Protein chains: 2
Amino acid sequence: MEEHNRENHILSTQAIKRMPYYLQYLKKLAGEGIEIVSAPSIAAHFNFTEIQVRKDFSAVSTTKGKPKSGFTVKELIYDMESILGYHSVNQAVLVGVGQLGRALLSYRGFENYGLKIVVAFDQDPETAGSKIAGVNVFASEKISDLCRRMNIPIGIITVPETAAQTVCDQLIAGGVKAIWNFAPVHLSVPQNILVQNENMAASLALLSKHLEEKIVSE
Amino acid sequence: MEEHNRENHILSTQAIKRMPYYLQYLKKLAGEGIEIVSAPSIAAHFNFTEIQVRKDFSAVSTTKGKPKSGFTVKELIYDMESILGYHSVNQAVLVGVGQLGRALLSYRGFENYGLKIVVAFDQDPETAGSKIAGVNVFASEKISDLCRRMNIPIGIITVPETAAQTVCDQLIAGGVKAIWNFAPVHLSVPQNILVQNENMAASLALLSKHLEEKIVSE
DNA sequence: CATTATTCGATATCATTATATCGATATGAT
DNA sequence: ATCATATCGATATAATGATATCGAATAATG
Ligand SMILES: NC(=O)c1ccc[n+]([C@@H]2O[C@H](COP(=O)([O-])OP(=O)(O)OC[C@H]3O[C@@H](n4cnc5c(N)ncnc54)[C@H](O)[C@@H]3O)[C@@H](O)[C@H]2O)c1
Ligand SMILES: NC(=O)c1ccc[n+]([C@@H]2O[C@H](COP(=O)([O-])OP(=O)(O)OC[C@H]3O[C@@H](n4cnc5c(N)ncnc54)[C@H](O)[C@@H]3O)[C@@H](O)[C@H]2O)c1
């Protein structure tokens with residue numbers, strides 16, 4: 001017999017990506033004192049279909065919706081936060097304390113998402129040794145050693161694209177299980193390592209394609 | 001009869017997102033003096049299937065591959081750059097000159113992707129009036145008026161999530177056609193406006209889910 | 001100059017994701 | 001108490017995206 005999810009539903013990649021949006025909105029509603037919410041009303045807000053909203057909810061929550069009224073906001077929030085790992089904290093290191101790296105280090109929002117950057121690294125001797133937003137910056141030779149000793153599961157890459165693969169290899173040598181990559185390059189990694197790309201060039205590609213179509217059709 | 005693409009192929013959303021990766025790699029190969037490349041070799045590098053690579057290439061390029069050898073690197077580069085709009089320049093404005101906004105303003109890479117941030121806005125009276133990385137920052141009351149007068153097609157949002165919808169509305173009032181949104185909220189917009197989200201919470205959700213599964217299965 | 005190995009493109013199949021249909025159930029109105 | 005209506009969940013269908021199959025083309029090898 002097949003192994004199944006607790007709720008006997010599969011949580012698709014696309015659904016996972018939608019969860020933070022639902023969560024943000026549900027928290028806003030909760031802040032306004034709203035206790036019950038229906039799939040159609042959520043769907044209207046996001047411009048989704050109500051069927052999709054129901055499916056997404058049933059995939060992450062044991063909470064059943066009540067016909068004619070809807071779902072309990074608080075329970076949805078709790079279940080989504082659990083699914084997204086916001087109730088625990090994942091430790092991460094960041095490599096590349098430049099423009100973007102500094103912005104990420106200073107960002108307080110990640111703690112709400114269960115992510116804590118505990119150490120940073122940079123090649124530049126000026127930067128290594130400093131402290132940015134309360135986080136110590138070390139020389140990049142220490143990446144593998146420190147990651148392993150601190151048992152860090154996540155590495156964040158914000159170095160130039162030419163250095164990204166090298167840094168990636170160092171992180172993996174340090175036992176990191178997942179990499180969040182902001183450099184606009186493909187990283188080669190072993191099967192069991194996840195690379196989550198935040199490639200702004202890819203976003204821009206979609207944006208630019210859309211504009212082009214607009215212009216042609218107008 | 002149906003209207004078709006020049007090459008009689010459809011370019012899917014997913015394929016568009018892959019293009020910047022191909023392009024980066026092809027340029028690297030060109031820099032190494034490599035003139036011909038095969039689909040299987042590209043596929044090996046990206047861990048894609050060779051069928052997908054061929055489909056992607058044929059969707060963006062009129063260039064035919066030669067059996068037993070492959071595709072002409074230069075021609076692929078040229079066609080991809082055209083498709084991605086790198087040969088022209090789209091003007092953009094950025095709203096929210098904080099940690100992230102400053103990083104984006106200072107980033108030189110966007111010019112390679114056909115994007116030029118020409119003006120920025122901020123609510124803070126200290127920031128408005130200043131100049132960051134050569135870009136003038138104005139008070140946010142001027143968003144709509146300036147965008148309209150300069151005929152700006154793209155707005156970049158890097159304000160706190162509570163201000164994002166307001167700013168979005170101001171940009172649309174200014175005639176902007178596409179919005180690149182870094183705030184972790186859904187933005188409500190008219191049908192003809194594109195919102196491209198760069199939601200780091202969504203990325204983190206996938207990352208965290210992956211780690212959880214790793215831990216369970218190990 | 002024939003043979004073999006490799007890559008190509010076209011078409012077919014499979015997987016994932018989104019949407020539509022429909023009977024069941026709870027709430028509020030008559 | 002009954003009826004109308006909004007919402008629910010389950011199952012079915014459609015759309016999009018990825019992979020497999022196969023004959024044709026061409027470069028290298030003997
Ligand atoms: N700044 C942005 O807004 C932005 C936007 C999109 C993408 N990116 C990407 O993010 C990355 C960083 O961009 P940035 O603007 O912050 O660049 P940056 O030059 O400001 O910072 C890069 C930092 O990495 C360090 N570094 C270089 N090689 C290293 C190595 N081998 N080990 C450790 N540290 C090393 C440098 O010393 C520097 O501090 C780039 O890949 C860029 O393409 C940045
Ligand atoms: N900093 C990061 O690394 C990071 C990472 C992920 C997401 N984000 C998101 O990006 C956005 C900006 O983050 P940040 O860290 O740069 O914040 P920040 O507070 O440093 O900057 C926000 C800026 O927006 C300005 N602002 C506020 N309301 C405005 C309005 N109505 N009109 C014009 N300007 C206004 C503020 O004056 C400030 O300069 C947030 O939504 C945040 O969630 C940031």
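Throughout, a chain's letter reflects where its sequence line sits, starting with A, and its residues are numbered from 1. All figures in this text were calculated on a predicted structure; none of them were measured in a lab.
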Would you give me the side-chain donor-acceptor pairs under 3.5 Å for residues 163-175 of chain A, sequence neighbours excluded?
unit_1	atom_1	unit_2	atom_2	d
A:Q165	OE1	A:S188	N	2.9
A:Q165	NE2	A:D169	OD1	2.9
A:Q165	NE2	A:S188	O	3.1

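Of all nucleotides listed (C:dT17, D:dT7, D:dA18), D:dT7 comes nearest to the side chain of A:S38.
Counted by atom type alone, A:N112 and A:Y86 present zero donor-acceptor pairs between their side chains at under 3.5 Å.
Residues A:S140 and A:F121 share a closest heavy-atom pair of CA-CB, 4.2 Å. Nearest heavy atom pair, residue A:A120 against residue A:V135, reads N-CG1, 3.7 Å. A pairwise comparison of heavy atoms in B:G96 and B:V159 identifies CA-CG1, 3.5 Å as the closest pair.
The ring-ring contact (aromatic ring centres under 6.0 Å, His included) check on A:F182 picks up A:W180, with sequence neighbours excluded. A:H186 meets the ring-ring contact (aromatic ring centres under 6.0 Å, His included) test with B:H45, B:F46; sequence neighbours excluded.
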Under-3.5 Å N/O pairs linking protein and nucleotides 11-14 of chain C:
none

Please enumerate all protein N or O atoms sitting under 3.5 Å from an N or O of nucleotides 26-29 of chain D, with distances to 0.1 Å.
unit_1	atom_1	unit_2	atom_2	d
D:dA27	N3	B:K68	NZ	3.3

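Taking atom NZ on A:K17 and atom P on C:dA18, their separation rounds to 9 Å, with Å as the unit. Rounded to an integer number of Å, the gap from A:E50 CD to D:dT7 P is 8 Å. The separation between B:K64 atom NZ and C:dC8 atom P is 12 Å, rounded to whole Å. A:L206 has its CG atom 15 Å from the P atom of D:dT16, to the nearest Å. Between B:Q52 atom CD and C:dT7 atom P the separation is 18 Å, expressed in whole Å. What separates CG of A:L76 from P of D:dT7 is a distance of 16 Å, to the nearest Å. Taking atom CG on A:N47 and atom C1' on C:dA18, their separation rounds to 14 Å, with Å as the unit. The CZ atom of B:F48 sits 18 Å away from the C1' atom of D:dA20 (whole-angstrom rounding).
Comparing A:G70 and B:D56 along DNA chain D, the residue whose closest nucleotide (by nearest heavy atom) sits nearer the 5' end is A:G70. The 5' end of DNA chain C is approached more closely, in terms of each residue's nearest nucleotide, by B:F71 than by the other of B:F71 and A:R54.
Residue B:F57 is out of contact with every strand shown, counting any heavy-atom pair closer than 4.0 Å. In this structure, B:A39 reaches the sugar-phosphate backbone alone: every heavy-atom distance under 4.0 Å involves primed, P, OP1 or OP2 atoms, never a base.
Ion pairing between A:K74 and A:E35 fails under the 4.0 Å rule for side-chain N and carboxylate O. Checked for salt-bridge contact, B:E75 and B:K64 miss the test: no charged N lies under 4.0 Å from a carboxylate O. Of the charged side-chain nitrogens involved, at least one lies within less than 4.0 Å of a carboxylate oxygen, so that A:E81 and A:K27 count as a salt-bridged pair.
The side chain of A:T49 contributes an N or O atom lying less than 4.0 Å from OP1 or OP2 of C:dT19.
A heavy atom closer than 4.0 Å to some atom of DNA chain C occurs in no member of residues 26-37 of chain A.
Under the 6.0 Å cut-off for aromatic ring centres, A:F110 and A:Y107 qualify, their centroids lying closer than that.
Side-chain N or O atoms of B:S208 include none that pairs as donor or acceptor with a backbone N or O of B:L204 at under 3.5 Å.
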